[in-house]
Amino acid sequence: MTELENRYIKAKRALFDKVHASLNEMQRRAVHTTEGPLLVIAGAGSGKTTVLVNRIAQIIRYGNAYYDESVPARLSAETVAAFEAAGELSAEDIEPLLGEFSASPCAPWNVLAITFTNKAAKEIVERLSRVFDGDDIAKSIWAGTFHSICMRILRSHSEKLGYGGTLTIYDADDSKKLLTAVMKELNIDEKQFTVRSVAGEISRAKERLLDPEAYTEEATAFREKTCAKIYKLYQSRLNESNALDFDDIIMQTVFLLRREDEVRRYYANKFKYICVDEYQDTNHAQFELCSLLASEWRNIMVVGDDDQSIYRFRGATVENILGFDSTYPDAKVIKLEQNYRSSAVILNAANAVIAKNTKRRPKRLWTDSEDGENIKIEECEDQNEEARRIADLITRLVAKNQYSYRDFAILYRVNAQSSTIERTFAKSGLPYRIYGGVRFGDRKEIKDVVAYLQFINNPSDRVRLKRIINEPKRKIGDTTIAAVEAIADENGITMFEVMCNADKYVALSRAAKTLTAFAEMINKLRAMLDGGCPLDAFTNAVLDESGYRQMLKDAGEAEKDRLENIEEFVSGVIEYMNNNEEPTLTGFLEETALVADVDRFDESADAAVLMTIHSAKGIEFPVVIIPGLEEGIFPGSQALIDPAELEEERRLAYVALTRAKKELYLYHTDCRLLYGRTMRNPASRFIGDIPEELVTRKEKKKSREYSPWGNASAEKPRVYFSSTDGQGSAPHADVLTINRPVAKPAARKDAPSFAAGDRVKHPAFGEGEVLSVKPMGSDKLYEIIFDRVGTKKLMGSYAKLTKA
DNA sequence: AGTCAGTCTCCTTCA
DNA sequence: GAGACTGACT
């Protein structure tokens with residue numbers, strides 16, 4: 001290397017260091033390592049997304065310019081002259097020279113970024129738009145979930161797939177329905193083989209890229225052989241309906257790339273740079289997909305944290321991230337261990353808990369930040385006291401103006417824990433939001449309407465046909481449906497074709513009229529669509545022609561919510577039309593299938609957040625509260641017998657602890673009512689793993705005082721905040737006194753009172769209407785239906801209600 | 001075909 | 001303890 005070249009490289013690197021001056025050393029190294037396989041182990045809160053975004057920006061701006069090999073064979077006369085004039089070139093001087101001849105900048109569409117959630121993909125695109133000051137570049141990179149990327153590939157090569165007509169995606173619910181039908185058809189004993197377990201088995205087979213034939217070959221035990229039979233029929237039923245389940249989307253893409261070498265070469269050449277987020281959550285099929293896509297350029301970067309692998313139960317294999325450097329022996333490994341999120345105390349506690357795992361890459365997070373508050377551990381009598389203490393804590397800290405409600409997150413192991421907490425919060429008027437539960441797209445009415453659209457779009461879809469054929473009621477019962485299906489199978493045609501010609505089949509004579517009427521309606525709607533009817537008008541036509549809307553209207557008050565949801569769905573269609581230049585029904589349906597929820601999680605509301613630890617991954621909160629730290633709950637009961645399961649629970653605990661920025665509160669109880677049973681469990685081993693010097697324990701009140709009714713299941717405590725004067729309607733007068741919160745939420749003696757029918761406003765829940773008022777001592781319990789969040793019960797003196 | 005009562009199940013979850 | 005599901009009855 002000549003003297004000049006050395007000076008050139010030095011100047012070049014100075015430039016890149018300057019561009020990324022805000023990053024730390026390791027982050028910068030990750031951003032600059034653009035060539036070859038790269039594994040980035042990104043600890044919790046270590047700036048993973050920042051690295052990902054900056055690295056993609058670096059690639060698009062400068063290609064492989066950082067690298068020595070990218071020194072031009074001969075520096076141009078211009079550069080040589082520049083060096084001669086300046087002696088040493090500064091960072092600024094080198095930039096214009098760089099782009100011209102040494103770097104090979106990379107077109108954005110040659111970059112592929114794969115994530116697990118739409119939210120993560122969206123965040124990458126948004127942050128890139130900010131870097132490039134506009135959408136154009138950010139929108140042209142291929143960024144998306146595994147499933148959306150695969151659908152994009154599958155769609156472009158549908159002719160090679162062997163599916164005829166329009167593809168349909170079956171969600172977990174549809175798949176289970178089909179599976180139930182298949183198992184019934186094969187006379188499988190439902191006691192011995194639950195749909196749930198068989199669905200899991202097939203899902204795992206697909207994750208391991210075993211098609212029915214390959215799976216059958218592997219099957220030895222009776223159980224596997226039975227599953228093989230089911231899998232075979234299930235898969236052929238999917239094919240008949242032109243349907244893919246979620247696992248198919250990945251598996252069929254891998255098969256396509258393996259089978260069609262020119263397709264593989266096309267994508268592998270196209271994607272010069274590949275980034276995979278949350279690599280610890282990938283399964284075998286996803287691993288294989290990445291390998292195939294990276295097979296030409298081998299510029300594959302994977303980011304993840306083996307300590308945060310918490311999806312083993314859905315097929316993720318930590319081995320992918322643990323073994324990345326043996327899959328790619330030339331891989332560079334960079335660890336991001338500086339944490340920018342949590343206090344030192346929180347971080348040390350998390351380190352101590354995770355250190356007990358054996359299957360992990362050794363690492364230790366560190367931080368520059370201060371020690372911070374000790375971790376508080378509280379022991380309670382039962383889940384009711386636990387919930388009350390949590391409510392008190394939040395109320396107290398908010399009253400001190402230390403935090404707002406939105407700064408608190410209550411993270412639990414199982415959803416069943418949420419109900420007690422929710423009830424307690426509602427009673428004290430403490431604003432909260434629950435994440436999880438029934439999603440918009442999972443609601444029956446939405447699934448029904450989507451099924452109509454799916455069926456019109458793809459009339460071979462049997463599962464959706466069965467869903468809508470008698471909804472609203474058309475007097476087409478199970479017997480008729482079974483007859484139609486049998487005829488379709490015999491003649492190798494679709495059920496819909498049978499229905500169109502129902503009058504020609506003797507077996508259907510009785511139902512022929514209703515069947516043809518249904519078929520005509522579908523054909524009419526199909527014609528509207530083909531005639532270019534806009535999607536929103538079309539959706540409305542479907543709702544009217546099918547009688548679905550009328551059915552809900554007729555039900556009146558009982559189905560008011562559903563009717564509203566349907567109208568919201570139509571708004572969703574309009575939104576899709578506004579966001580897409582060429583809106584199509586197929587496009588809309590695919591988006592609905594792959595985008596779980598239009599984030600209905602209102603981040604702006606000032607309310608405490610309730611969610612499972614799993615759904616909290618990737619989010620941070622100033623104060624994290626973890627209830628239920630008991631053996632058998634967290635770690636869960638299965639973990640007590642299975643060491644691998646225990647390691648997963650430990651990782652889950654690590655994720656939970658590292659969500660906290662400033663303060664951490666851990667709760668455990670002596671006895672707990674869960675799933676209708678009262679249990680007594682010792683405190684979680686994870687509590688014991690935290691070094692004592694980081695902990696402040698809060699003494700339990702003497703149990704005699706706290707539990708006058710003894711066994712929690714013996715008598716249910718009712719209302720604790722029943723009145724401000726102690727004369728309430730609680731079962732025991734002393735209960736009321738003793739259970740009064742240590743620091744009560746600010747009760748308002750002057751609280752305005754409302755009557756049923758009044759419109760009221762709540763700081764967190766928004767506006768609503770009072771449904772009923774029950775006097776409780778000197779206070780009132782309101783049942784209010786809020787416009788946005790539904791019905792809540794609130795105590796008048798605690799809830800900050802105003803007239804709307 | 002629809003309703004009601006008894007039965008069963010229950011971890012975590014994204015596409 | 002709650003919700004989903006099943007099966008018998010009308």
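Small disclaimer: the values here were computed from a predicted structure and weren't measured. Convention: sequence-line order gives letters A, B, ...; per-chain numbering from 1.
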What pairs of nitrogen or oxygen atoms, one from the protein and one from nucleotides 2-7 of chain C, lie under 3.5 Å apart?
none

Atom NZ of A/Lys617 to atom P of B/dT12: distance rounded to whole Å? 17 Å
All N/O contacts under 3.5 Å from nucleotides 3-11 of chain B to the protein, with atom names and distances to one decimal?
unit_1	atom_1	unit_2	atom_2	d
B/dC11	O2	A/Arg413	NH1	3.1
B/dC11	O2	A/Arg413	NH2	2.7
B/dC11	N4	A/Gln638	NE2	3.1

Sidechain N-carboxylate O distance under 4.0 Å for A/Arg312, A/Asp642: yes
Count the heavy atoms belonging to other residues, nucleotides or ligands that lie under 6.0 Å from CZ of A/Arg510, then report whether that count exceeds 12. no
Just checking A/Phe246: base, sugar-phosphate only, or nothing, at a heavy-atom cut-off of under 4.0 Å? base
Rounded to whole Å, please give me the gap between CD1 in A/Ile250 and C1' in B/dC14. 11 Å
In whole angstroms, the gap separating P of B/dC14 from CD1 of A/Ile169 amounts to 17 Å
With the side chain of A/Leu673 defined as its heavy atoms from C-beta on, choose the nearest nucleotide among C/dG1, B/dT13, B/dA15. C/dG1
Check whether any side-chain N or O of A/Asn118 sits under 4.0 Å from OP1 or OP2 of B/dA15, and answer yes or no. yes
Does any part of the side chain of A/Met611, heavy atoms only, come nearer than 4.5 Å to the side chain of A/Ile619, both counted from C-beta? yes
The criterion is salt bridge (Lys or Arg N to Asp or Glu O under 4.0 Å); which residues satisfy it with A/Lys553, sequence neighbours excluded? none
Nearest whole angstrom, please: distance from the P of B/dT13 to the CD of A/Glu207. 17 Å
What's the CG-C1' distance between A/Leu411 and B/dT12, to the nearest Å? 13 Å
Which is true for A/Gly636 with a 4.0 Å heavy-atom rule: it touches a base, it touches only sugar-phosphate, or it touches nothing? nothing
Mind calculating the distance between CG (A/Leu646) and P (B/dT12) to the nearest angstrom? 19 Å
In terms of the nearest nucleotide of DNA chain B, which residue is placed more toward the 5' end: A/Gly477 or A/Phe116? A/Gly477
Round to the nearest Å and state the distance from A/Asp245 atom CG to B/dC14 atom P. 18 Å
Taking any heavy-atom pair under 4.0 Å as a contact, classify A/Lys475: base, sugar-phosphate, or nothing. nothing
Contacts table for residues 175-183 of chain A: side-chain donor-acceptor under 3.5 angstrom, sequence neighbours left out:
unit_1	atom_1	unit_2	atom_2	d
A/Ser175	OG	A/Asp171	O	3.0
A/Thr180	OG1	A/Lys176	O	2.6

Looking at A/Lys447 and A/Asp173, does any basic side-chain N land under 4.0 Å from a carboxylate oxygen? yes
Ion pair A/Glu381/A/Arg388, N-O distance below 4.0 Å: no
Taken in chain and number order and not counting sequence neighbours, the residues that satisfy side-chain contact (heavy atoms from CB on, under 4.5 Å) with A/Ala416 are A/Val414, A/Leu674, A/Tyr675
Can you pull out every ring-ring contact (aromatic ring centres under 6.0 Å, His included) where at least one residue sits in residues 303-322 of chain A? Sequence neighbours excluded, please. A/Tyr311-A/Phe313, A/Tyr311-A/His614, A/Phe313-A/His614
Can you measure A/Gln308 atom CD to B/dT13 atom P for me and round it to whole angstrom units? 16 Å
